[in-house]
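Have a look at the structure below, then the notes.
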Protein chains: 2
Amino acid sequence: MPATQRAKTSDGATRRRLIEAATQIMHDEGYAAATSRRVAAKADVKQALVYYYFPTMDDLFLEVLRAGSEASLARLRDSLQEDNPARTLWLINSDTRNTVLSNEFMALANHRKAIGAELKHYAERVRDIESAAVTMMLRAQGVDITQYPPVAISMLITQLARSMANERAVGVSYGHEELQRFLEERLPWLLSPSPGGHT
Amino acid sequence: MPATQRAKTSDGATRRRLIEAATQIMHDEGYAAATSRRVAAKADVKQALVYYYFPTMDDLFLEVLRAGSEASLARLRDSLQEDNPARTLWLINSDTRNTVLSNEFMALANHRKAIGAELKHYAERVRDIESAAVTMMLRAQGVDITQYPPVAISMLITQLARSMANERAVGVSYGHEELQRFLEERLPWLLSPSPGGHT
DNA sequence: GTCTATAGCCTGATAGAC
DNA sequence: GTCTATCAGGCTATAGAC
C-alpha cells in the first residue's frame, strides 16, 4: 500500500514541525506565548499556514498534547520492560522537562474543556500502564499486593516525583532529601537500582 | 497613630477589589484571561485605573500571589492549632479551589522570574509551618521522629492530596480510593479525625 | 483617585493569488 | 501546500483632564 491519499511535499513534515515548534514555545514561555505568528516563525513558515493545518489555535494545542502523550506513552512502555519499573517510574517523573509542559496543560485544562478531556484520557492510560508494571514487579518479588495495592504504589511514586520536580523547577529543595530517604527506607524494593542484584 | 499617610477614598478598597477580581479571573479562566480590561470591568472601574495601582500587569499578578499566600498562611496557622494537624493538612490540600489557582501560578512561575521567586519563598514558609505542626503532633503521640521525619511526612500528605485534587479537577479518580486507603492503613495516627478520641 | 482618549502593537482568523 | 494581504478587535501602557 504505497498511498491511499499521499501528501504533496514530504508527508506531514510541515504539520509535524508546527507541532514541535508549538511544543517548544509552550515549554519555554508558556501557552500564552504560543501564538500563530510565533509558532509559524519558529517552524519557518508564514502565519496563515498554521490555519491550513489547524482550524483554530486550540486545535493546535490539542494536537501538541496528543503528540506528546503518545510519545510519552511509548517511552513509558519501553522503559518499564527493563530493570526495576518502580525506579524507572521515579526517574521519568523526576524529569523537569516532562513536568513543566505537563503543568502548562494542566493549567489549560482548567478552562478548556477539550484539553481537560484529553488530559483525563491520557492520565488514565498512563495509570493503567504504570500499575500493570508495578503489579508484575511486586508479584515477581513476592510482595503481598493486598497490602501494597499496585495502583496506590504507582501513584505514590509518580506523584511525589512530579511534585518534587515541580518544586525544583522554582528552586525549592527543602525536605526533598528527607522524603526521598524516607521512601527508600519504607519501600526498599522500589527504589533500588536492580531487583535482586543479578545484573 | 491615626494615619501616617491616609488614603483619600476608603482605604485600599479599590486596590483590594482589583486584586480580588484578578484572582477570580485567573481561577476561572486562567492567567491569560486576566487582562487589564477584564480585571477592571470585574472590579467595576476603568481600565487605566489598573495602571494607577500597578505599574504593569505582572506586578498585579505578583500581588495576587502575595495576597493569596498571606491569606493561605494565616488560614494554615489557625487550622493547624486545632484537632489533628495531619488531617487538617490533608483536607486543606484536597480543596480544588486552592490547587487550581496554585497551578496557574506554577505555570506562570516557569517563565516569569519574579513569580518564581515569590512562589519559592511562599513554598518554603508553608513547609516550615507544616513540618513544625507535624513535629509537634508526632511528639505528642510518642512517634519516633527519626523513623518518621516530620518534613517528609508533611510533604507526603500535602503533595499527594494536591495531586489527587488536581486530577479530580479534570475528572480523574482512578486509583484515588486505593491510595487513600493505603495511606490510612500505613499512617493511622495521621488521618484519624481525632488523635485519641477524647472529643 | 478616577476618568477619557489614544498610540502602537499583536492577536485569531479569512480571502484569494499562485 | 504555501503565500500575501487584510480585517476587526484586543492588548499594554501612557498622557492629560477633572
Side-chain angles (χ1 to χ4, degrees), chain A residues 3-26 28-65 104 107-108 111-115, chain B residues 3-26 28-65 104 107-108 111-115:
Chain A
T4 353
Q5 198 203 9
R6 256 289 145 261
K8 284 90 188 173
T9 47
S10 55
D11 195 16
T14 303
R15 185 189 149 94
R16 206 181 55 248
R17 275 175 43 232
L18 284 171
I19 291 176
E20 274 163 19
T23 305
Q24 201 180 322
I25 294 175
M26 287 182 76
D28 295 343
E29 306 176 53
Y31 67 82
T35 68
S36 59
R37 280 170 174 78
R38 302 262 282 106
V39 170
K42 178 147 277 180
D44 228 20
V45 295
K46 299 300 175 177
Q47 183 248 355
L49 196 58
V50 173
Y51 294 92
Y52 172 78
Y53 287 100
F54 309 98
T56 72
M57 287 305 288
D58 274 22
D59 291 301
L60 171 54
F61 290 157
L62 208 54
E63 292 307 309
V64 169
L65 175 54
E104 213 66 40
L108 261 177
H111 56 277
R112 310 226 192 166
K113 234 180 140 184
I115 302 275
Chain B
T4 355
Q5 198 203 6
R6 257 291 144 258
K8 285 89 186 174
T9 48
S10 55
D11 194 15
T14 302
R15 185 190 149 92
R16 205 181 55 248
R17 274 174 45 232
L18 284 171
I19 292 175
E20 274 163 18
T23 305
Q24 202 180 320
I25 294 175
M26 288 183 75
D28 294 343
E29 307 177 52
Y31 66 82
T35 68
S36 58
R37 280 172 173 76
R38 300 277 321 273
V39 170
K42 177 148 277 180
D44 229 19
V45 296
K46 299 298 174 180
Q47 182 251 352
L49 197 57
V50 174
Y51 294 92
Y52 172 79
Y53 287 99
F54 310 97
T56 70
M57 287 304 289
D58 274 22
D59 290 302
L60 171 54
F61 290 156
L62 208 54
E63 293 308 310
V64 168
L65 175 55
E104 213 66 41
L108 261 176
H111 57 275
R112 309 228 192 164
K113 234 180 138 182
I115 302 276

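Lettering follows sequence order; numbering is per chain, from 1.
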Side chain of A:Lys46 only, heavy atoms from C-beta on: which candidate in C:dC3, D:dT2, D:dT4 is closest?
D:dT4

Heavy-atom check, side chain of A:Arg37 versus side chain of A:Val50, under 4.5 Å:
no

How long is the line joining CZ of A:Arg37 and P of D:dC7, in whole Å?
14 Å

From CD of B:Gln47 over to P of D:dT14, roughly how many Å is that when rounded to an integer?
11 Å

Go nucleotide by nucleotide along DNA chain C from the 5' end; which of A:Thr35 and B:Val45 gets its closest nucleotide reached first?
B:Val45

Rounded to the Å, how far apart are B:Glu29 CD and D:dG10 P?
14 Å

Separation of D:dA15 P from B:Tyr51 OH (nearest whole Å)
14 Å

Nearest-Å distance, CZ (A:Phe61) to P (C:dT11)?
11 Å

B:Leu49 CG to D:dC18 P, straight-line distance once rounded to whole Å
18 Å

Can you name the salt bridge (Lys or Arg N to Asp or Glu O under 4.0 Å) partners of B:Arg38, sequence neighbours left out?
B:Glu29

Counting C-beta onward and ignoring hydrogens, is there a side-chain heavy-atom pair between B:Phe54 and B:Leu18 closer than 4.5 Å?
yes

If you only use heavy atoms from C-beta on, which nucleotide in C:dA13, D:dT2, C:dC3 is closest to the side chain of A:Tyr53?
D:dT2

Please confirm whether the shortest side-chain N or O distance from A:Tyr52 to OP1 or OP2 of D:dG1 is below 4.0 Å.
yes

May I ask you to verify if any side-chain N or O of A:Thr14 is less than 4.0 angstrom from the OP1 or OP2 atom of D:dG1?
no

Between C:dT11 and A:Ser36, is there an OP1 or OP2 to side-chain N/O distance shorter than 4.0 Å?
no

Atom CE of B:Met57 and atom P of D:dT14: how far apart are they, to the nearest Å?
13 Å

From CG (A:Leu108) to CG (A:Asp58), nearest 0.5 Å:
8.0 Å

Would you call B:Arg112 and B:Phe61 a side-chain contact if the rule is heavy atoms closer than 4.5 Å?
yes

Send over the distance from A:Ile25 CD1 to C:dT11 P, rounded to a whole Å.
10 Å

